[in-house]
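Structure record follows, encoded as structure tokens.
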Amino acid sequence: MLIRTGLNYHINAEAIATIGYGYIDTDLTFESSPNENRLFENRIFEQFILKNKVWELLFEHRYRFEQRFLHQQDFTDFQNRARYRLQITLPLTHTFFLNFYDEIFLNLQDDIFNQNRLYAALGINVIENLSLQLGYLKNHFSNVNFDRLQFAVFYNPDLRRKNNKAK
């Protein structure tokens, strides 16, 4: 389970700065098991997103820095990690789109390579600010690879005040 929230500052239409928090509960076994096979993480993150469009392709560059508080049974750790994601979205219609990304994760301590994620999905815009995606995720670590079918729900409300001045 991954729950993530954040506050965005829209510098302009192509640049967004974010500060956020995430809670991650990871089952390390995929079996019914007690808490010794679970990793709990509280994460604070800062990110910067740059967007641009080339023809119909929507590009998004995301730079993220994370402070990770990890807990597993009697083990606790604090780690820092940097991430870079290049995402490309191709609108097929007003409702349907294709989404692709590659994201590299780098530790800022110990072994520098953490993981690389490659993703491809079909998305549906349900309503404004709400979309669903069904896709394939290839998650590569230095010693193991995971192939996953992923279903994701994205809800991104825009809470900025609208300028209601009469023209």
Side-chain angles (χ1 to χ4, degrees), residues 1-30 37-72 75-92 97-125 129 131-156:
M1 175 177 62
L2 186 151
I3 299 171
R4 183 172 37 234
T5 188
L7 296 173
N8 293 326
Y9 177 72
H10 293 257
I11 299 165
N12 58 43
E14 293 84 30
I16 303 169
T18 304
I19 186 164
Y21 167 79
Y23 173 78
I24 298 92
D25 176 356
T26 304
D27 180 353
L28 302 173
T29 64
F30 300 105
N37 290 319
R38 298 189 87 77
L39 177 65
F40 302 96
E41 178 178 346
N42 289 285
R43 180 184 301 168
I44 299 167
F45 67 92
E46 305 81 36
Q47 73 183 21
F48 182 65
I49 294 175
L50 290 173
K51 299 179 178 187
N52 65 304
K53 183 176 178 180
V54 178
W55 298 294
E56 294 301 315
L57 298 174
L58 307 172
F59 287 83
E60 182 178 288
H61 303 270
R62 184 178 76 186
Y63 307 87
R64 181 180 284 175
F65 181 62
E66 299 174 331
Q67 299 78 51
R68 307 173 66 211
F69 302 87
L70 306 165
H71 178 75
Q72 182 180 12
F75 169 79
T76 58
D77 196 12
F78 173 75
Q79 298 179 1
N80 289 294
R81 182 167 68 183
R83 298 164 62 169
Y84 168 72
R85 181 185 75 190
L86 172 60
Q87 177 175 275
I88 302 170
T89 303
L90 174 62
L92 301 174
F97 60 92
L98 296 175
N99 190 26
F100 307 95
Y101 71 72
D102 186 48
E103 183 171 20
I104 183 91
F105 294 63
L106 302 174
N107 293 320
L108 300 180
Q109 64 281 314
D110 303 326
D111 296 331
I112 194 154
F113 176 77
N114 181 266
Q115 62 184 284
N116 189 76
R117 294 180 182 171
L118 186 62
Y119 178 72
L122 174 64
I124 300 170
N125 292 312
N129 301 323
S131 67
L132 307 175
Q133 291 185 28
L134 180 62
Y136 165 77
L137 176 68
K138 175 77 160 185
N139 200 352
H140 172 73
F141 295 87
S142 58
N143 58 349
V144 68
N145 291 307
F146 294 111
D147 297 294
R148 299 286 183 251
L149 183 62
Q150 180 172 300
F151 174 73
V153 177
F154 294 92
Y155 179 58
N156 296 305

Inset, instruction - To the nearest 0.5 angstrom, please state how far the CZ atom of R4 sits from the OH atom of Y21. - result: 12.0 Å
Inset, instruction - Count the heavy atoms of every other residue, nucleotide or ligand shown that sit under 6.0 Å from OH of Y155, and state whether that count exceeds 12. - result: no
Legend entry - Atom pair CG/CG of N145 and L118 - distance to nearest 0.5 Å: 11.0 Å
Inset, instruction - Sequence neighbours left out, what passes ring pair (Phe, Tyr, Trp, His ring centres under 6.0 Å) with F113? Give chain and number order. - result: H140
Expected list for residues 5-15: side-chain donor-acceptor pairs under 3.5 angstrom, two or more places apart:
from: N8; atom 1: OD1; to: T18; atom 2: OG1; distance (Å): 2.4
from: N12; atom 1: OD1; to: E14; atom 2: N; distance (Å): 2.8
from: N12; atom 1: OD1; to: A15; atom 2: N; distance (Å): 3.0

Inset, instruction - Write out all pairs satisfying salt bridge (charged side-chain N to carboxylate O under 4.0 Å, His left out) with one or both partners inside residues 40-50, taking only residues at least two apart or from two chains. - result: E41-R43, E41-R68, R43-E66
Inset, instruction - Could you list the residues that satisfy ring pair (Phe, Tyr, Trp, His ring centres under 6.0 Å) with Y84, not counting sequence neighbours? - result: Y63
Legend entry - N99 versus Y119, side-chain donor and acceptor atoms under 3.5 Å: no
Inset, instruction - With sequence neighbours excluded, tell me which residues meet side chain to side chain donor-acceptor pair (under 3.5 Å) with Y101. - result: none
Legend entry - Contact summary for N80 and Q109, nearest pair of heavy atoms: N-OE1, 3.0 Å
Legend entry - Pair listing, salt bridge (charged side-chain N to carboxylate O under 4.0 Å, His left out) test, anchored in residues 101-110, at least two apart: R62-E103, R83-E103
Legend entry - Check against side chain to side chain contact (heavy atoms under 4.5 Å, CB included), N139 and V144: CA-CA 9 Å; N139 200 352; V144 68; over 6 Å; no
Inset, instruction - Please list, chain by chain and in numerical order, all residues satisfying salt bridge (Lys or Arg N to Asp or Glu O under 4.0 Å) with R117, sequence neighbours excluded. - result: none
Legend entry - Side chain proximity check, R81 to R64, heavy atoms < 4.5 angstrom: no
Inset, instruction - Check ring pair (Phe, Tyr, Trp, His ring centres under 6.0 Å) between F45 and all other residues, then give those that pass, not counting sequence neighbours. - result: none
Inset, instruction - Find the distance between CG (D111) and CZ (F141) and round it off to the nearest 0.5 Å. - result: 13.5 Å
Could you pull out every donor-acceptor pair under 3.5 Å between side chains of residues 48-55 and any protein atom, sequence neighbours left out?
none

Inset, instruction - Could you pull out all residues at least two apart from F69 that satisfy ring pair (Phe, Tyr, Trp, His ring centres under 6.0 Å)? - result: F78
Inset, instruction - For L106, check side-chain contact (heavy atoms from CB on, under 4.5 Å) against everything at least two apart and list the hits. - result: I104, I112
Inset, instruction - Locate the shortest heavy-atom distance separating L58 from P91; write the atom from each residue and the value. - result: CD1-CG, 4.3 Å
Legend entry - Value rounded to 0.5 Å, distance of CG in N107 from CD in Q115: 9.0 Å
Legend entry - Y136 side, atom OH; R148 side, atom CZ - distance, nearest 0.5 Å: 10.0 Å
Legend entry - L98 vs I88 side-chain heavy atoms within contact, under 4.5 Å: no
Legend entry - Check against side chain to side chain contact (heavy atoms under 4.5 Å, CB included), Y23 and N42: CA-CA 5 Å; Y23 173 78; N42 289 285; 3.7 Å; yes
Legend entry - Sidechain-backbone polar pair: E56 side chain, L90 backbone, donor-acceptor under 3.5 Å: no
Legend entry - Side chain proximity check, Q79 to L70, heavy atoms < 4.5 angstrom: yes
Legend entry - Residues that S131 engages under side-chain contact (heavy atoms from CB on, under 4.5 Å), provided they are two or more places apart: F97, N125, F154
Legend entry - Straight-line distance of T26 OG1 to Q72 CD, nearest 0.5 Å: 9.5 Å
Legend entry - F40 vs I24 side-chain heavy atoms within contact, under 4.5 Å: no
